[in-house]
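To find a chain, count down the sequence lines: A is the first, B the second, and so on, and within it residues start at 1.
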Number of protein chains: 2
Amino acid sequence: MNSSPFSTKERILGAAESLFATHGFAGASLRQVTAAAKVNLAAVNYHFGSKDKLIEEVFRRRLDELNTRRLGALGHLAQKPETTLEAVLEAYIGPALDLSRTGGGGAAFVRVLARAYAEHNETLRKFLSENYGHVLRQFAAEFQRLLPALSKEELYWRLDIVTGALTYAMADFGIIQRKNEVAEQAHREQAADHLVHFAAAGLRAPSPHPAPRG
Amino acid sequence: MNSSPFSTKERILGAAESLFATHGFAGASLRQVTAAAKVNLAAVNYHFGSKDKLIEEVFRRRLDELNTRRLGALGHLAQKPETTLEAVLEAYIGPALDLSRTGGGGAAFVRVLARAYAEHNETLRKFLSENYGHVLRQFAAEFQRLLPALSKEELYWRLDIVTGALTYAMADFGIIQRKNEVAEQAHREQAADHLVHFAAAGLRAPSPHPAPRG
DNA sequence: CGTATTCTCAAACGATCGTTTGATTCGAAC
DNA sequence: GTTCGAATCAAACGATCGTTTGAGAATACG
């Protein structure tokens with residue numbers, strides 16, 4: 001019955017990903033999603049149970065592979081004395097870049113990911129923390145090994161900044177607008193290159209023992 | 001009739017700011033807003049005309065003062081040979097910090113500002129660009145003077161990263177969660193201090209003439 | 001005072017939301 | 001061919017959305 005090579009579930013996930021990226025979770029309706037996926041409205045609740053479950057599935061589909069690849073890349077570097085800061089950053093950012101490079105909607109997903117940070121939805125936050133929190137903790141441990149001069153608190157502050165900048169840059173929210181659809185991949189690769197370079201310098205900055213502002 | 005010292009318009013703006021920060025523009029309904037403001041539902045359309053106009057007014061109320069203060073701080077530094085990179089960053093970030101420090105809902109507004117980046121709402125983007133784009137251009141010119149080794153393109157990439165990190169950090173989206181309401185101001189000041197330090201190092205990083213990734 | 005204007009209020013408007021229902025169609029197993 | 005579970009469909013559910021209405025209360029001005 002499907003004229004498309006993709007199943008109904010896959011078409012819903014793809015359309016939802018794209019529309020959530022553009023309009024947000026509350027702003028994109030199931031009627032928009034099912035219309036874009038060319039499926040019946042009831043198909044969402046039939047296949048996923050509810051809109052919230054659909055949102056979770058949009059995340060799970062991408063994050064399972066993304067974080068597996070991140071940990072795999074980290075596994076080749078961890079504990080080795082010759083590992084560089086740039087290499088660990090690359091292990092974290094590279095899979096996200098690859099994801100955004102795959103034609104099948106991954107570029108939209110990184111925008112959805114940025115949405116998740118902006119959403120203060122507690123249910124969503126808990127889901128992400130429970131399912132993928134261990135990845136961030138493993139990377140933090142490796143960064144700590146490479147930056148022993150930083151206190152744990154200082155390190156977490158900086159990793160927080162890197163994560164924010166990564167999310168923001170990959171999601172293409174910035175003032176720098178690309179010219180056309182063809183240049184999107186090149187644009188995103190440039191963003192990642194600049195980001196790794198910038199983040200490495202920021203992480204390496206000497207600890208300030210900050211004085212009161214004024 | 002108002003038992004509050006604030007007018008109906010002011011109470012609506014304050015409640016809207018807080019709820020937009022938490023639930024987003026589409027996620028916060030006018031019924032939630034008017035209930036929190038303890039005013040009648042129809043008051044929004046009477047005083048502002050529509051929900052979209054209310055959103056614009058939430059921005060205008062804060063950004064007019066914020067950007068005036070930013071340009072004022074920049075005016076004391078621009079063209080002077082002894083100006084430092086940190087001072088210009090401080091001129092950009094400091095007023096945002098002060099805003100988030102004022103008790104009257106400014107802390108919520110910085111989260112609203114971050115929402116604006118995540119929203120791909122063209123109407124909102126156009127409004128912000130038309131009304132406040134000149135501020136970013138003036139700061140870019142001053143950064144260019146202080147970082148002559150950077151190409152214009154390279155500089156814009158880095159400023160884009162700084163803006164993203166600033167927005168993200170000030171909006172308190174990160175993994176670092178503060179313990180209670182009392183510590184919020186101290187938390188935010190720490191975030192700004194770390195951010196200035198991090199951003200200055202990132203901006204000063206030598207130009208990479210980036211090689212192909214691999 | 002009376003009058004005009006501004007503001008607030010409960011109530012309802014039509015539209016759209018997420019979800020559910022029940023009938024119908026499909027594809028494999030026997 | 002018959003049967004049966006899976007999938008799709010049009011239609012409708014109650015709830016909530018932004019917005020509008022018209023009457024009443026508060027305020028300002030003569």
Contacts of B/S29 meeting side chain to side chain contact (heavy atoms under 4.5 Å, CB included) (sequence neighbours excluded), chain-then-number -> B/R31, B/Q32

- When you check the phosphate oxygens OP1 and OP2 of C/dT6, does a side-chain N or O of B/H47 lie under 4.0 Å from one of them? no

B/E86 meets the salt bridge (Lys or Arg N to Asp or Glu O under 4.0 Å) criterion, sequence neighbours left out, with B/R204

Inspect the contact between B/R111 and B/E17 and indicate whether a charged nitrogen and a carboxylate oxygen are less than 4.0 angstrom apart. no

Applying side chain to side chain contact (heavy atoms under 4.5 Å, CB included) to B/N40 and not counting sequence neighbours gives B/A42

Pairs: protein N or O with nucleotides 19-22 of chain C N or O, under 3.5 Å:
from   : atom 1 : to    : atom 2 : distance (Å)
C/dT19 : OP2    : A/K51 : N      : 2.8

- Phosphate-side-chain proximity, B/S29 and D/dC17, N/O vs OP1/OP2 below 4.0 Å: yes

B/H23 NE2 to D/dC17 P, in whole Å, measures 11 Å

Rounded to whole Å, CD of A/Q32 lies from P of C/dT16 at a distance of 11 Å

Residue set satisfying ring-ring contact (aromatic ring centres under 6.0 Å, His included) with B/Y92, at least two apart, ordered chain then number -> B/F139

Quick note, side-chain hydrogen bond (donor to acceptor under 3.5 Å, both in side chains) partners involving residues 132-147 of chain A, not counting sequence neighbours, are A/D64-A/Y132, A/E142-A/R145

Those residues at least two apart in sequence (or on a different chain) that pass side chain to side chain contact (heavy atoms under 4.5 Å, CB included) with A/E57 are A/L13, A/F48, A/R60

To the nearest angstrom, the NZ-P distance between B/K38 and C/dC9 comes to 13 Å

Contacts of B/A201 meeting side chain to side chain contact (heavy atoms under 4.5 Å, CB included) (sequence neighbours excluded), chain-then-number -> A/A205

If each end axis of the helix from C/dT8-D/dA23 to C/dC30-D/dG1 is fitted on five C1' pair positions, the angle between them, to 10 degrees, is 20°

Rounded to whole Å, the CZ-P distance (A/F25 to C/dG18) equals 14 Å

Hey, does the side chain of B/T8 come within less than 4.0 Å of C/dT8's phosphate (OP1/OP2), counting only N and O? yes

